[in-house]
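Everything below concerns the one structure shown next.
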Amino acid sequence: MKLSLTSVKKETLPLAILATIIIILLGFVITQQILKNRPFQTAQLPPPIKLQPVVNGKFDTNAPISQKSKASVELLKQHLPYKADFVSTTGDKITYTLYGKTIDPYTLYVDISNIDFLIPSTNPNYPKTIQDFRDTANHIFEYMKQYNANPSDVFISWGSQAYIQNNAELWLTVSDKFPPVVKKDNQYIFETPPK
Amino acid sequence: MSVLDKIKKLKNLKNLNPESQVSQLAKKAAMYLSLGVSAAFLAALAYFAHLGKVAFFGFKIGATAGGTAGAIWGGYIGIQVGIALAPYTFGISLIVAPPLGVLIGAIGGATLLGIAGGLIALGLDQGSAGLVSTGVGAGVGGIIGTYVAGAFISFAIGACAATVFGCLLVPIAVVSAPIIIVTFSAIGAGAGYLIGNYVIDPVKSYIGGVSISGSASGFLSWLGGGITGLGSWAVGGLFSLGGLAVDGITSIGSKLLGTLSTSAGPLAGKLAGISVGTAFTSAATLSLLQTGVLTPGKFATTQTDISKPAGANQYVTVTKTANPTTISNSSLPTDINYLVTVKVNSYALTNVVCTDVTTLKKSDGTTQNLTNTLIGPLCPSQLNPAQVLTFNLSTHADNTPDFINSTVSNTFTINFDVTGGGAPPPTGGGGPCSANSGFNALLPNPIPPSVGATSPSSLPPDPAIIQAAQQATLQTGVPCEMLVGIQYREAGWDANSSFLSGTTLCSSGNFAICKPEPNITSSSACTGYGGTWYSGGCYFTSLNQTALASASYILGEVSSLTRGPERPPKNYDEMIGAMSYYNGGGNANCGAGVPYTGPCPGPIGIDDPYAVNHFDSDHATMYLLYCSQYTDASGVVHGIPCDPPRVLTTDGAATAAKEYYLKIGGH
């Protein structure tokens, strides 16, 4: 059998294709890492739980926002309860559990360990605690997206106490009051002083 | 000739030369193969890193195993290829092919088994049989494909020994190897996916994920969860049925046998607070039908009829056994002996009168009383709390027509007054949760004595609290005593205050002047618990509503704690863990800078004073972490640490539950 000679162009083309694929893959990995550390965009934040619609003293189960939330919780239902351990960007080990409640199929419930939601604002670990929570929320949102549940559609209960829900919903929003957290001189601080 | 000289010579050969053709083809094959497996490995690495820690960990494990095996296999193949191509490459293939084989084999093997490992790990983490079997299928298919590819390469090597064409086939076979392996792997993954999703997962769902407990309620809930597939709604419904069956054996069982009734006197109200000297009669009539149908060879009294607790109310529990348990017509004449046990609960009884009647119902329907021979006095006129009496009664069954095919019934009745005057608490309230409470399963064995307990001085809880807890137990299966303990922690056993937070109930229904439940922050939860959402807050009008809400909370906390379905706690660790989560978990003493000396670390709740303060000597002194809260200008709630650390003086919820169970339950 006679093999035909290959020209320089023909020889290098497959190599160029393969090299491009590798570069794209590396770029994907790097981009993902960058995106994970970006502050939250408003579009992906869950709706505040106090804004649940009410009719005659009862939760309005027929409202579109309620139905959307229920449908998203349904997408996750067969994968609940879900427990995860991970290390946040601050190096803290966080554990959280996602679960549902029979009496309230419209809400995704979360229990988070190792985050002190009552931490005083004067505590030097306050920014770090906020970052730990944001990392946890991000982790949860990524998990939800795996099952096509959109975080911005789902009512989320962040804990069994009112102060947990209050503080969680405030810390989620990156704003002048709750700026991004950065590491400087081995300390976690707000990027800009909170207003 | 040096290696470099050999390479130079190969390069300068004319393309039609066999050595040139083989070496050129081999070179291209090596390049494409190296880049191809590298790209595949990077893609798999990126994908599983993106999926999360668990999947990536599985990928790493699989890649390590696959890389090692692939390196060995690739090295072996490389040696064979190197030998086969040596005559056509001036021996250069002997130097290049083996290490290249190790490298390509390692990367390729790492990719294949890394993917399998990542899928398996992800499937195990998520409980998805489909994912697990896809991973297994990919791995198995890949291994089979490796065998087939190896066989093809061996064939080519063999052909190379015979002809030049065979040697051209060697690089082709090597490049084909990953294609063969991937194809087989994909077929295996596809088969695994189908088996997992359409065979294993449906079977798993049918069987159900609810764990089986030793109790009837646990079994019923498991059965319900598996059969109906309605998930936790069915489980919750069957819990209540199961709980009813377990707890209600005395009432339901005795209703099957007879009647259990308590008639209160004309005065209503609490036991305490009525002036001394006001008397009433509380008649607890327990009718126990001991059925014995004397037919040839058959005695209808079943062992369960005899051994079931005969009846109970909040003052006394009566049980009865019979000997013999079987009688046939041919056994007559015979004596029938009854052993009756009366156990007094927590109230002293006066003017006690006991009667016992054995009745013969003949085959013609007429009845007559039989003579009982009582061994020992039937009842003293006064009985103390926790006192136990036993009576031996004997009746004689003759070998006469009256006894042939008849029914023998024994009825024990106890009448008494409760000291202190006043009407008794309503039926089912104020006393123990249940005569057959299973709460002891949630306590350590042996039960440790509390240290510094404060709740005993407040015993017994208001009957309305017990009633509300009992009702919630029937509906959810959460033990009544546990709810009573939580109510103590939240409200100090004040019957006007919520189980959830101690907030005063809005009995008037005028929400504008009431305080909302602070920790129910969503209208969906509020509605689910039976409350009313008004002006941004959740309001309850009855103790029963808050008891049910509290029990529902506990079900959810157990689900979170155990990463399983909503269910009542089954043991001590689950009870205190659920109690700790119920309170937000923010009071854990371990590592919190307070001088707590109890167990650390431990199961969740073991160091939370909300659950276990004063429970035993290890928890005699526990601390509050935050003494108060404030809200800053941005709306964030912050805690003010107790400085110096403040000792919590009142009992934890588990301690109060235990004290109530032991002292009021008479255990």
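Below, chain A is the first sequence line, B the second, and so on; all start at residue 1.
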Strictly distance-based, threshold 3.5 Å: is any side-chain N or O of [X] a donor or acceptor partner for the main-chain N or O of [Y]?
{"X": "B/T532", "Y": "A/G57", "value": "no"}
{"X": "A/K101", "Y": "B/A525", "value": "no"}
{"X": "B/N519", "Y": "A/A162", "value": "yes"}
{"X": "A/N167", "Y": "B/V636", "value": "no"}
{"X": "A/Q52", "Y": "B/S522", "value": "no"}
{"X": "A/N166", "Y": "B/G635", "value": "yes"}

**OP:** For residues A/Q165 and B/T521, report the shortest heavy-atom separation together with the two atoms involved.
**Re:** CG-OG1, 3.8 Å
**OP:** Work out which heavy atom in A/I103 is nearest to a heavy atom in B/S552; give both atom names and the distance.
**Re:**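 Smallest interatomic distance, heavy atoms only, reads CG2-OG, 4.2 Å.
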Original post:
Regarding A/D104 and B/S524, is there a side-chain donor-to-acceptor distance under 3.5 Å anywhere?
Top reply: yes
Relative to chain A, which segment of [X] carries a heavy atom at a distance below 4.5 Å: side chain, backbone, both, or neither?
{"X": "B/Q629", "answer": "side chain"}
{"X": "B/Y582", "answer": "backbone"}
{"X": "B/Y626", "answer": "side chain"}
{"X": "B/L625", "answer": "neither"}

**OP:** Identify which of B/S523, B/G639, B/G528 forms the greatest number of heavy-atom pairs closer than 4.5 Å to chain A.
**Re:**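 Sorted descending by pairs with chain A, the first entry is B/S523.
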**OP:** Using a cut-off of under 4.5 Å on heavy-atom pairs, state which of B/G564, B/G536, B/C526, B/P518 scores highest against chain A.
**Re:**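 Looking at each of B/G564, B/G536, B/C526, B/P518 in turn, B/G564 comes out on top.
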Original post:
Given the rule in the side-chain contact (heavy atoms from CB on, under 4.5 Å) test, do B/S560 and A/Y96 qualify, once you have shown the distances and angles that lead to the verdict?
Top reply: CA-CA 9 Å; B/S560 171; A/Y96 68 84; over 6 Å; no
Subject >> Aromatic contact, B/H638 with A/Y126 (centres under 6.0 Å) >> reply: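 Between A/Y126 and B/H638, which both carry aromatic rings, the centre distance is below 6.0 Å.
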Original post:
With only heavy atoms counted, which part of A/Y99 is less than 4.5 Å from chain B, the side chain, the backbone, both or neither?
Top reply: side chain
**OP:** Examine whether an atom of A/F155 lies under 4.5 Å from a heavy atom of chain B, and if so say whether it belongs to the side chain, the backbone or both; otherwise answer neither.
**Re:** neither
Original post:
Among A/P120, A/S157, A/P194, who wins on heavy-atom pairs under 4.5 Å with chain B?
Top reply: A/P120
Subject >> Partner chain B: residue of A/L98, A/T107, A/I119 with the largest heavy-atom pair count (under 4.5 Å) >> reply: A/I119
Subject >> Whether over 12 other heavy atoms sit under 6.0 Å from A/K58 NZ >> reply: yes
**OP:** Give a yes or no on whether B/N510 atom CG has more than 12 heavy-atom contacts from other residues, nucleotides or ligands under 6.0 Å away.
**Re:**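 Enclosed.
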Subject >> Stepwise side-chain contact (heavy atoms from CB on, under 4.5 Å) check, A/S113 with B/Y581 >> reply: CA-CA 10 Å; A/S113 301; B/Y581 272 5; 3.9 Å; yes
**OP:** Could you grab the distance from atom CG of A/L170 to atom OG1 of B/T631, nearest 0.5 Å is fine?
**Re:** 10.0 Å
